[in-house]
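Report on the following structure.
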Amino acid sequence: MFQIDIMTLFPESVGDMLCESVLGRAQERNYIRINCWQIRDYTVNKQNQVDNYPYGGGRGAVMQADPLYRCWEHICQEAGKRLHTIFLSPCGKTFCQADARRLSTEYDRFILVCGHYEGIDERFIEECVDEELSIGDFVLTGGEIPAMAVADAVCRLVPGVLPDPECYENESHWAGMLEYPQYSRPEVWHGRAVPPILLSGHHANIAKWRRKQSILRTRERRPDLYEKLDLSSKQDKKLLAELEQEEHGTDGET
């Protein structure tokens, strides 16, 4: 069973969210397990205090190393080994789909640490944290939302969680490009019709159209990803030639 342990000050809210929908069903079927640990339970004072004033002055408070360490140590002892530990931090490497794939295959269990206030004591990071991850260049009030995002992205790649690998292999970022547009019923909505190719029943042509749309969408919306794509195959070269012809044809009409 694949397992993620989340160290947090708000285990109920995090746990409730990750027990719904796909992840909830996967936990019921024992494909995955997500444990949320209340850091306050590992304090040694009656007030269950987990933070204090920062050395050197400044506003706010810093999470203390000792409660974090006691919680972390308990989880590792339960696992019977030192677990790979990730701190969700705006100072970390930006999390991407490649990280989700790496974490889902290289580990069968790891820890996510949610910070709060002005951050956590650097000494805990130095002693216990193996990597720091960020979900973007912005700051949140705590690490719970990033932890849920990472847990969701990783767990859905665990075998059995989704009914078929195709459920994620055709999605945005899996192969370095964005996903093609999707449509559902009705056939016409607010005067907008579903592309006729999707109604044709010709699976080869539909696959070709979707690949072309993924290339086009990636080029337009994420040129940084597009530059890294390998489009050297005979099929992709043909699609690129068709796209160029279509664009030039449109330009000529206007």
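Position 1 is the first residue of the sequence, and the numbers go up from there.
- Of the inter-residue distances, the one linking C71 atom SG with D41 atom CG reads 8.0 Å to the nearest 0.5 angstrom.
- Pairing each heavy atom of Y226 with each of T218, the nearest pair is N-CG2, 3.8 Å.
- Using a 4.5 Å cut-off on side-chain heavy atoms (C-beta onward), L225 and E227 make no contact.
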Donor-acceptor list for residues 138-149 side chains, cut-off 3.5 Å, not counting sequence neighbours:
unit_1	atom_1	unit_2	atom_2	d
E144	OE1	H116	NE2	2.9
E144	OE2	T8	OG1	2.7

Which donor-acceptor pairs under 3.5 Å do side chains of residues 126-133 form with protein atoms, sequence neighbours excluded?
unit_1	atom_1	unit_2	atom_2	d
D130	OD1	R82	NH1	3.1
D130	OD2	R82	NH1	3.1
D130	OD2	T85	N	2.8
E131	OE1	R102	NH2	3.1
E131	OE2	H84	NE2	2.7
E131	OE2	R102	NH1	3.1
E132	OE1	S89	OG	3.3

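- Between G115 and I120, the shortest heavy-atom contact is CA-CG2, 3.8 Å.
- Interatomic distance, Y180 OH to Q213 CD, rounded to the nearest 0.5 Å: 11.5 Å.
- Between atom CZ of residue R156 and atom CD1 of residue I32 there is a gap of 11.5 Å, rounded to the nearest 0.5 Å.
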Test E106 against R101 for salt bridge (Lys or Arg N to Asp or Glu O under 4.0 Å), laying out the working first. CA-CA 9 Å; E106 291 187 6; R101 294 172 69 173; over 6 Å; no

Before you tell me yes or no, could you show the steps for D66 and R123 under salt bridge (Lys or Arg N to Asp or Glu O under 4.0 Å), namely the whole-Å CA-CA distance, both residues' side-chain angles and the distance that decides it to 0.1 Å? CA-CA 10 Å; D66 199 55; R123 292 169 293 184; over 6 Å; no

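- Put simply, Y69 and L9 are part of the same group of oily side chains (I, L, V, M, F, W, Y) that touch within less than 4.5 Å, one to the next.
- For the residue pair S134 and G92, the shortest heavy atom distance occurs at CB-O, 3.6 Å.
- Minimum interatomic distance between I206 and G201 (heavy atoms only, all atoms of both residues): CD1-N, 4.3 Å.
- Counting all heavy atoms, side chain and backbone alike, F124 lies closest to W72 at CE1-CB, 4.0 Å.
- Note: the hydrophobic cluster containing F2 does not contain M7 (ILVMFWY, side chain heavy atoms under 4.5 Å, direct or indirect links).
- A salt bridge links D99 with K93; the closest basic N to acidic carboxylate O contact falls under 4.0 Å.
- Under the 4.5 Å side-chain heavy-atom criterion for grouping Ile, Leu, Val, Met, Phe, Trp and Tyr, L68 is connected to I75 within one hydrophobic cluster.
- Taking a cutoff of 4.0 Å between a charged side-chain nitrogen and a carboxylate oxygen, D236 and R211 qualify as a salt bridge.
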With a 3.5 Å cut-off and sequence neighbours excluded, list the donor-acceptor pairs that the side chains of residues 182-200 form with protein atoms.
unit_1	atom_1	unit_2	atom_2	d
Q182	NE2	E179	OE2	2.9
S200	OG	I197	O	2.7
S200	OG	H202	N	3.2

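- The side-chain contact (heavy atoms from CB on, under 4.5 Å) search around S232 returns D230, not counting sequence neighbours.
- Looking only at side-chain heavy atoms (C-beta outward), P181 and R217 come within less than 4.5 Å of each other.
- In this structure, the side chains of L112 and L88 come closer than 4.5 Å at one or more pairs of heavy atoms.
- Each of M63 and I86 belongs to its own hydrophobic cluster when Ile, Leu, Val, Met, Phe, Trp and Tyr are linked at side-chain heavy-atom distances under 4.5 angstrom.
- Nearest heavy-atom pair, V154 versus F95, reported as atom, atom and distance to 0.1 Å: CG2-CZ, 4.4 Å.
- Looking only at side-chain heavy atoms (C-beta outward), I6 and P11 stay at 4.5 Å or farther from each other.
- Here the straight-line distance linking atom CG of N35 with atom CD1 of I4 works out to 10.0 Å at 0.5 Å rounding.
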Show me, pair by pair, the donor-acceptor contacts under 3.5 angstrom made by side chains of residues 17-31, not counting sequence neighbours?
unit_1	atom_1	unit_2	atom_2	d
Q27	OE1	I34	N	3.1
Q27	NE2	L18	O	3.1

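- Side chains of V44 and R70 form a contact here, defined as non-hydrogen atoms less than 4.5 Å apart.
- Between the R40 side chain and the N48 main chain, a donor and an acceptor come within less than 3.5 Å of each other.
- Under a hydrophobic clustering in which Ile, Leu, Val, Met, Phe, Trp and Tyr are joined whenever their side-chain heavy atoms come within less than 4.5 Å, directly or via other members, Y42 and Y117 fall into the same cluster.
- For the atom pair NZ (K238) and NZ (K212), the distance works out to 9.5 Å, reported to the nearest 0.5 Å.
- For CG of D224, the number of neighbouring non-hydrogen atoms (other residues, nucleotides, ligands) closer than 6.0 Å is greater than 12.
- Counting only distance, with no hydrogens or angles, the side chain of Q49 and the backbone of D51 share a donor-acceptor pair below 3.5 Å.
- Remark: E220 CD to L178 CG distance equals 10.5 Å, nearest 0.5 Å.
- In this structure, the ring pair (Phe, Tyr, Trp, His ring centres under 6.0 Å) partners of W37, at least two apart in sequence or on a different chain, are H74.
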